[in-house]
Amino acid sequence: MTVVTRIAPSPTGDPHVGTAYIGLFNYAFAKRHGGRFIFRLEDTDRQRYDAQAEARILEMFSWLSIAPDEGPGIGGDAGPYRQSERTDIYRQHVEQLLASGRAYRAFETAEELDAMRTEQKLLGRPLGYDGRGRSVPRQDQEERAAAGEPHVVRLLTPDDGATVFVDELRGEVSILNQEIRDPVLLKSDGYPTYHLANVVDDHLMGVTHVIRAEEWITSTPIHVLLYQAFGWPAPRFVHMPLLRNPDKSKVSKRKLDTSVASYREQGILPEALLNFLATMGWSMADGSEFFSVDEMVAAFDIQRVSLGGPVFDLKKLRYFNAKYLRDLLSLDEVARRVTPLLEERGYRWDDHDYLLDVVDVLRPRAETLVEIADGAGYFFTDEVRYDDSARKQLAGGQKYLEDLEREFSILEFFDYDGVDDLLHDYVQAQSVGMGKVLQPLRAALTGTTSAPGVTDLVTILGKRRVLQRIGQALSAINQGLPDDNPQRAADAEKAAAKAASAAKAASAAKAASAAKATSAGRAKAAPANPGTPATAPADETAAAGDAAETTAGTAPKKGGTATKARTTPAKRGSPG
RNA sequence: GGCCCCUUCGACUAGCGGUUUAGGUCACCACCCUUUCAAGGUGGCGGCACGGGUUCGAAUCCCGUAGGGGUCACCA
């Protein structure tokens, strides 16, 4: 018997992490046993139906590389795979149950059922359908149905005893039949309910293992009863623990971001999401925590699912993502994936090695693709904005910047070692701390004080841009560091506006208000340095690459940062 | 509330009667490295929900209690 599993989402909102989660385990189980994984659309709720959803869910699985073997738009022998296209099948099966007396037509209106529930609540009685429709004679049921009276079809369930099934992870689960209240099989709109469609389809599609979320556990007896009513063997059941919000309730978009597309937009990698999801309630026997889907499949054992509901922890997801970004994926791969994000921001470069250098120094400091792209600005545009800490450094670094401008301009070998030696020599000659000199330089180069190593920055940016930026910084210093902080400028603008409105009252205030507006305007109009997004200086990068030949084999410095050891064009040894 | 499921550090988990002074990871803290920020290294904090049994021996088995979750729709 070949194993067949399925993922059966309903096309409602955004593709959900829970769907990805259950899909992953169904996929892993099927593949581990050489079986098939089916995608089936449970679109029987016409009220909540979202026409976009099907394509988006499929797109999600495609992004995750969890490929169904059968499904809508994919094909397969057991189609159609949209339940809305199988209504005839369900109707036939309902007829069968009606004929055998295992189901009956019920004519209560929604209002009547509401009233029933209200009464039950009032009397403190157990909630649920009380089976009142059972007493309508079959003859009457058929006549009323034939006359076009709206109705549903309900499964006739036993009142006594219990229905037992085996959950592969929990063992026997037994539920008293009195808890099962003649569930609706066919709705008055002619569409089947989940229970009917699910059982009929799982049977017809040859599903051998139903792997679904724990929330289904209490309705499994309904399904078991249905299989019995049809005279079919039931599949095996596996109920996965429910993913949880931080407060332990089941994941919901009210309390957590449950949209896979949203994580994708945030720069989460599919590999990381999957790996993270895999560790929710499951672990590798050898204890490894980083593994691909293929590795998971190869080692998959459903019995290693743990039953406590795992909390979906954003921090850990981001950690996994960061791990993939800096260690598990190749530099080339990461570069390939940030490329569209950089292009979106209008950044251009014409030397692929330049991109690699940039990504190489940025990725250990980022947790998502978006963070890499967001932090890459100063590598692609000369419009450097100085933040508060940067201006502080600049203010005290004028002399060093002037010196370095001169030194760099006469530096012949503008590669990692050349720059590094120059910097060290200079700092030593000044007999000051490294930070004293390098922080102002970093600020001039990037506009921030938290950035990659200065030697890396200088080497990657290249001589021309380094000199240009130092020049820009020096003129900014000379102009008294005009305030180009966007936040501050905005604040100033706001203050000016406020002052302006206040000025209406008092003419005496007019002059002051005008002055303020002027200063705010100047601040706003004084970006540190005009400039357009520039192209990476390919020549300089290439020059650095050439020099790399001599140092390519250099072992990482002891105690040095990993970044420095393998980062720079020089060290990476990429001839332009 | 009835029924069902679950219960190891704040979070994810390893553990399936003795190899355990309960291991790993994230988070957090400290230190190291260090030109900033990261990364990395080292160390630390912190847990078997509780109570009974069974057993020579229990985190591991049983019962009870407590807690958490799910479910009680013509939604899935």
Side-chain angles (χ1 to χ4, degrees), chain A residues 8-10 12 42-45 47-48 106 108-110 113 117 121 124-129 150-154 167 170 173-176 178-181 183-189 191-195 197-198 213-221 239 241-242 244 246-250 276 279-285 287-290 303-304 306-313 315-320 322 326-327 361-367 375 389 393 423-424 427 433-439 441-443 446 448-455 558-564:
Chain A
S10 48
T12 50
E42 308 228 323
D43 55 346
T44 57
D45 183 345
Q47 260 71 50
R48 293 202 302 157
E108 294 80 24
T109 62
L113 293 175
R117 271 187 285 270
K121 223 174 262 180
R125 307 307 312 165
L127 261 44
Y129 186 66
H151 65 282
V152 300
V153 175
R154 288 180 182 274
D167 177 282
R170 286 161 253 259
V173 176
S174 169
I175 290 183
L176 264 6
Q178 62 187 23
E179 298 291 328
I180 306 164
R181 339 279 301 230
V184 171
L185 262 22
L186 201 65
K187 298 184 264 189
S188 58
D189 66 1
Y191 280 91
T193 58
Y194 167 81
H195 304 300
N198 193 267
E214 188 179 6
E215 58 187 324
W216 296 107
I217 214 163
T218 46
S219 46
T220 302
H239 291 95
L242 232 28
R244 307 294 182 87
D247 70 359
K248 292 277 191 181
S249 54
K250 83 166 173 181
F276 171 70
T279 65
M280 301 275 86
W282 190 78
S283 60
M284 281 283 202
S288 51
E289 5 205 1
F290 300 108
Q303 293 303 327
R304 290 192 60 81
S306 61
L307 266 14
V311 171
F312 193 96
D313 181 359
K315 277 194 178 153
K316 193 146 191 182
L317 204 211
R318 294 178 67 86
Y319 167 76
F320 268 82
R326 62 172 168 263
D327 288 336
V361 296
L362 253 23
R363 66 172 177 164
R365 333 185 123 70
E367 289 190 316
S389 63
Q393 291 298 334
L423 254 17
H424 277 92
V427 168
M434 295 282 272
K436 265 280 194 233
V437 174
L438 299 186
Q439 279 296 73
L441 179 54
R442 173 177 287 107
T446 68
T448 77
T449 52
S450 61
V454 165
T455 307
K558 183 175 148 260
T561 63
T563 304
K564 195 189 281 174

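Below, chains carry the letters A, B, ... as their sequence lines are ordered, and counting in each starts from 1.
- Within the structure, every side-chain polar atom (N or O) of A:Arg442 is placed at least 4.0 Å from both OP1 and OP2 of B:rC37.
- In terms of phosphate contacts, A:Tyr194 brings no side-chain nitrogen or oxygen within less than 4.0 Å of OP1 or OP2 of B:rA76.
- Across the strands present, B:rU71 finds its partner in B:rG2; the criterion is a Watson-Crick or G-U wobble pair with both atom distances under 3.5 angstrom.
- For a distance-only test at 3.5 Å, the side chain of A:Lys316 qualifies as a donor-acceptor partner of the base of B:rU25.
- No hydrogens or angles were tested; on distance alone, a donor-acceptor pair under 3.5 Å links the side chain of A:Ser188 to the base of B:rC74.
- Comment: A:Asp167 engages A:Arg170 in a salt bridge, judged by a side-chain N to carboxylate O separation of less than 4.0 angstrom.
- One finds the CZ atom of A:Arg181 at 8.5 Å from the CG atom of A:Leu127 (value rounded to the nearest 0.5 Å).
- In this structure, the side chains of A:Leu423 and A:Leu438 come closer than 4.5 Å at one or more pairs of heavy atoms.
- Within the 4.0 angstrom heavy-atom criterion, no nucleotide atom of any strand lies near A:Arg181.
- Side-chain N/O atoms of A:Arg304 include one lying less than 4.0 angstrom from OP1 or OP2 on B:rG15.
- A:Arg170 has its CZ atom 17 Å from the C1' atom of B:rC16, to the nearest Å.
- Remark: A:Lys248 is not in phosphate contact with B:rC6, judged by side-chain N or O atoms under 4.0 Å from OP1 or OP2.
- Across every strand in view, B:rA49 sits in a pair with B:rU65 that passes the Watson-Crick or G-U test at under 3.5 angstrom.
- The shortest distance between the side-chain N/O atoms of A:Lys187 and the OP1/OP2 oxygens of B:rA76 is below 4.0 Å.
- Two rings, from A:Phe290 and A:Phe320, have their centers less than 6.0 Å apart.
- Within the 4.0 angstrom heavy-atom criterion, only backbone atoms of the sugar-phosphate kind lie near A:Gly281; the bases stay farther away.
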Show each protein N/O and nucleotides 1-4 of chain B N/O combination with a separation under 3.5 Å, one pair to a line.
| from | atom 1 | to | atom 2 | distance (Å) |
| --- | --- | --- | --- | --- |
| B:rG2 | O2' | A:Glu179 | OE2 | 3.4 |
| B:rC3 | O4' | A:Glu179 | OE2 | 3.4 |

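- Rounding to the nearest 0.5 angstrom, the gap separating the NZ atom in A:Lys187 from the NE2 atom in A:His151 is 14.5 Å.
- Between B:rA76 and A:Thr44, a contact under 4.0 Å exists linking OP1 or OP2 to a side-chain N or O.
- Listed by chain and number, the residues in a salt bridge (charged side-chain N to carboxylate O under 4.0 Å, His left out) with A:Arg125 amount to none (sequence neighbours excluded).
- Shown here are the side chain to side chain contact (heavy atoms under 4.5 Å, CB included) partners of A:Arg48, two or more places apart in sequence or in another chain: A:Thr12, A:Asp45.
- For A:Arg365 and B:rC37, a side-chain-to-base donor-acceptor distance below 3.5 Å is present, hydrogens and geometry of angles not being considered.
- Close to B:rA14, at under 4.0 Å from its OP1 or OP2, lies a side-chain N or O of A:Ser283.
- Distance A:Leu185 CG to B:rC75 C1': 15 Å, rounded to the nearest Å.
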